[in-house]
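Below is one structure, written out as C-alpha cells, with a few remarks after it.
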Amino acid sequence: METELIRIAGIGIITAVIALLIKMHRPEMGVVLGLAFGAITLIVAFSKAGAIIGVLQENIDRAGIDSKLLVPVLKVTGMAYITQFAVDICKDAGQNAIASKIETAGKIMMLAVSVPIATSLIQMIASIL
Amino acid sequence: MNVDLIFKIAAIGILVSILNIVLRQSNRDEIAMLTTIAGLVVVLLIVVREIANLFDTVKALFGF
C-alpha cells in the first residue's frame with residue numbers, strides 16, 4: 001500500500017512538471033495530461049478501496065443494522081468523488097463557471113439520493129417521541 | 001498503474017507543439033492548426049477510454 005503511494009506521488013510530481021512544460025505551448029494538452037493522471041491514480045485508489053467497503057459491510061451486518069441503509073451512503077460518496085473529479089479538471093482548465101455548475105448539479109443529485117434516509121430518520125424520531 | 005500512458009500523452013503533446021512551431025515558421029498556419037487538432041483528438045481518445053474505465057470502477061465499487 002505504501003509503495004503504491006510513493007509511486008503515485010513521484011509520478012504526480014513528474015506529471016506536474018511535464019504538464020507545466022507542455023502548457024507553455026499547448027495549454028489544452030497540459031489540462032488533458034492532468035486529467036489522464038487523475039484518472040489513472042483514482043483507478044488505482046478505488047481498486048484498493050474495495051476491501052474497505054467489504055469490511056464495512058461485514059461490521060454493519062454483524063451489528064444488526066440492515067445493510068439497506070449503507071447503499072445510499074456509498075452512492076453519495078461515489079457521487080461526491082466524481083463531482084470533485086470533474087470540478088477540479090474544469091478549474092484546471094480555467095472554466096470556473098462550468099465547475100460551479102457541475103458542483104451545483106452534484107449537490108442536488110446527492111440530496112435527491114439521500115432523501116429516503118432523511119425520511120426514515122424523521123419517521124424513527126417521530127416514533128420515539 | 002500504467003505510467004506509459006502519461007508519457008505517451010506527454011510525447012504527443014511535445015511532438016504537436018514542435019510540429020506547430022515548425023509549420024508556423026514555414027508560414028503554413030492552416031496545416032499547423034490541423035496537426036494541433038489531430039494531436040488533441042488522438043490524446044482525447046486515449047484519455048476518454050481511461051475516464052470510462054474510471055467511471056466503471058466507481059460504478060462497480062459504490063453500487064451505482
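Only a predicted model underlies this, so the values are computations on that prediction, with no experimental measurement involved. Every chain is numbered from 1, with letters handed out A, B, ... down the list of sequences.
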Going by atom type alone, with no hydrogens or angles, which donor-acceptor pairs under 3.5 Å involve a side-chain atom of residues 91-110 of chain A and a protein atom two or more places apart or on another chain?
from: A/Ser100; atom 1: OG; to: A/Ala97; atom 2: O; distance (Å): 2.8
from: A/Thr104; atom 1: OG1; to: A/Ser100; atom 2: O; distance (Å): 2.8

Please rank [options] by heavy-atom pairs under 4.5 Å with chain A and give me the top one.
options	answer
B/Ala10, B/Gly39, B/Gly63	B/Ala10
B/Leu44, B/Val58, B/Val16, B/Thr57	B/Val58
B/Ile21, B/Ile18, B/Val43	B/Val43

Are [X] and [Y] linked, directly or through other ILVMFWY residues, by side chains that come within less than 4.5 angstrom of each other?
X	Y	value
A/Ile8	A/Ile40	yes
A/Leu56	A/Phe46	yes
B/Phe64	A/Val113	yes
B/Phe7	B/Ile46	yes
B/Ile12	B/Val3	yes

#### Entry: Check: A/Val76 and B/Phe62 side chains under 4.5 Å, non-hydrogen atoms
no
## Note on the structure
Residues of residues 17-36 of chain A with a heavy atom under 4.5 Å from any heavy atom of chain B, in residue-number order, are A/Ile18, A/Leu21, A/Ile22, A/His25, A/Arg26, A/Glu28, A/Met29, A/Val32, A/Leu33, A/Leu35, A/Ala36
### Message
Report which part of B/Leu40 has an atom under 4.5 Å of a heavy atom belonging to chain A: side chain, backbone, both, or neither.
### Response
both
### Task
Heavy-atom distances under 4.5 Å only: say whether B/Asp56 touches chain A with side chain, backbone, both or neither.
neither
From [atom1] ([X]) to [atom2] ([Y]), nearest 0.5 Å:
X	Y	atom1	atom2	result
A/Ile43	B/Asn53	CD1	CG	4.0 Å
A/Phe85	B/Phe55	CZ	CZ	6.0 Å
B/Ile51	A/Ile82	CD1	CD1	11.0 Å
A/Tyr81	B/Leu61	OH	CG	9.5 Å

### Summary
Okay, A/Leu42 and chain B: the region with an atom under 4.5 Å from a heavy atom over there is both
